[in-house]
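See below for the structure under consideration.
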Amino acid sequence: MKKIISILTICFLALCLVGCGSNDDKNDDVTTVTWWVHQENSWNIAHQELADAYMATHENVKIEIEIFPYDDFESKVQTSLINGEGGADIYEIWGGWGIDFAPTGALLKLDDELANKIMAESYAPTYGALVANGGLYGVPCEFNTETGGLLVNYNVAKANNIANPVPATWEEMIANAKAVSQLDETKDVLKGFDFVNWDSVPYLFLSMILQQGGEYLVSDNEINVNTEEAKTAFETLTNLVLVDGVSNLEGLTGGSDMEGYQQLYAGRCLYVPRGPWSVAEGVNTFELALGEDFGYVELPWWSGNVAYVVENGWSIAGNAKTAHPEIVNDFLNFVYEDENMLKLNVACSQIPSKRSIAESDEYVSQMEYVKPLLSILDEAEFIGFFNTDRLKEAVNDAFVNYCLGEYASVDDALADLNVTLNSIFE
């Protein structure tokens, strides 16, 4: 009897092991792909929801999202793409990085059908940096613009007796900004128009050149800012700091615990020009009421003419070295579907790259504050096929150095800037 019981026990254990082996085999049928994104709470929730929606209809695929602080994320993504080893299967990338990596073969080429759809249905400036070698190397998620929108702190305006906090003209905006500005370090600093940040100085500089009917891009590989239009634009911006005193250099030289738009939400600024993405932080992080505590309105055009440049914004791309190109391409097609693009852009406070979604009633009803921008999207020009980080660094350095007195004249500053900008193409 004991022998019989022992034999039965062994058989039972064997069956259990067989069952476990079957589960392992089933798990082996699931393909795991990794997706690298940068840390931003509302965005990360949207990314996970997108991955979950895909996995719900693709039970044999598991998307593992890895989140990194932005500074680490940028260097990590670029290092992995340069080395061509390790890294992720899918990347959230700043569109401008495509200029460095699409031509080298580091990014996965989209299938022709998806690429043709994107180029037919999306605003042209949203994918220009992702085009190379006759193909497209990523899905543009947003129409990225840092020009055209203006954050206004209504509480600061009220406390400083500003009767019309929403300016109708550039001159009215600067007058209001001068009326509230208090930059004495011994007192509570209050900035009237804090445009001094990584994006706004370069974008305003280039847009002011265009607003005068000038150009800065001579050809695909040459920039010229030794022009009267560039001189006027540069003087206008530097005078806002040196003469009008509506901001200081803190946004580019450091020393603050918060960026300009965050300072606005903390009651330290009246006006800050930023993209619509910044609104979410005012509502979610600072717990302010849009329309009551602050507003997002149209930035008055300096010359009265609508003219500005944009670069590719956030995009999603595949790694050319992925072991699962079919899955990655399929996921990128999934991302571009109307429902998914709509949810992603609303959750991330972005303007969709896809024209039909940006112009849809469903999108506008959920993102009413972007209305001032929607009517000018077709006026935007693509900034150019070059490394925009290097352009911004060059313009910002020239701006800061001139304001600090390191140049004898605007002409000297622009002459140096011209040389630095054209080194981008070398």
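We number each residue from 1, following the sequence as shown.
Two residues are said to be in side-chain contact when any heavy atoms from C-beta on lie closer than 4.5 Å; Tyr123 and Arg355 meet this criterion. No side-chain heavy atom of Asp188 sits less than 4.5 Å from a side-chain heavy atom of Gln182. Looking at Val196 and Glu250, their side chains never come closer than 4.5 Å, going by heavy atoms from C-beta outward. Within the 4.5 Å cutoff, the side chain of Phe425 has no heavy atoms near those of the Asp220 side chain. Between Ile327 and Thr31, the closest side-chain pair of non-hydrogen atoms falls below 4.5 Å. Put simply, the side chain of Leu421 reaches to within 4.5 Å of the side chain of Leu391, judged on heavy atoms.
Of the possible polar contacts, none joining the Asn340 side chain to the Tyr336 backbone as a donor-acceptor pair under 3.5 Å is found. A distance-only check finds a donor-acceptor pair linking the side chain of Thr34 to the backbone of Asp89 [under 3.5 Å]. With hydrogens and angles ignored, the 3.5 Å screen pairs a side-chain donor or acceptor of Asn312 with a backbone N or O of Ala129.
Applying the ring-ring contact (aromatic ring centres under 6.0 Å, His included) rule to Trp277 yields the partners Tyr261; only residues at least two apart in sequence or on another chain are considered. Considering only residues two or more places apart in sequence or on other chains, Glu142 meets the side chain to side chain donor-acceptor pair (under 3.5 Å) condition with none of them.
Between Val328 and Gly318, the closest heavy-atom pair is CG1-CA, 3.7 Å. Here the shortest heavy-atom pairing between Cys403 and Leu242 reads O-CD2, 3.5 Å. Considering every non-hydrogen atom in both Tyr363 and Pro352, the closest pair reads CZ-CD, 3.3 Å.
Asp29 and Asn60 are not linked by any side-chain donor-acceptor pair at a separation below 3.5 angstrom, with hydrogens and angles left out of the test. Remark: the Gln48 side chain and the Asp52 side chain contain an N/O donor-acceptor pair separated by less than 3.5 Å.
Between His38 and Trp314, the ring planes lie parallel to each other; the angle is under 30°, not in the 30° to 60° tilted range. Ring geometry for Phe73 versus Trp97: interplanar angle of 30 to 60°, hence tilted.
For Phe234 and Tyr402, the gap between ring centers is short of 6.0 Å.
Among Glu311, Gln78, Glu74, the single residue meeting the side chain to side chain donor-acceptor pair (under 3.5 Å) criterion with Trp94 is Glu311.
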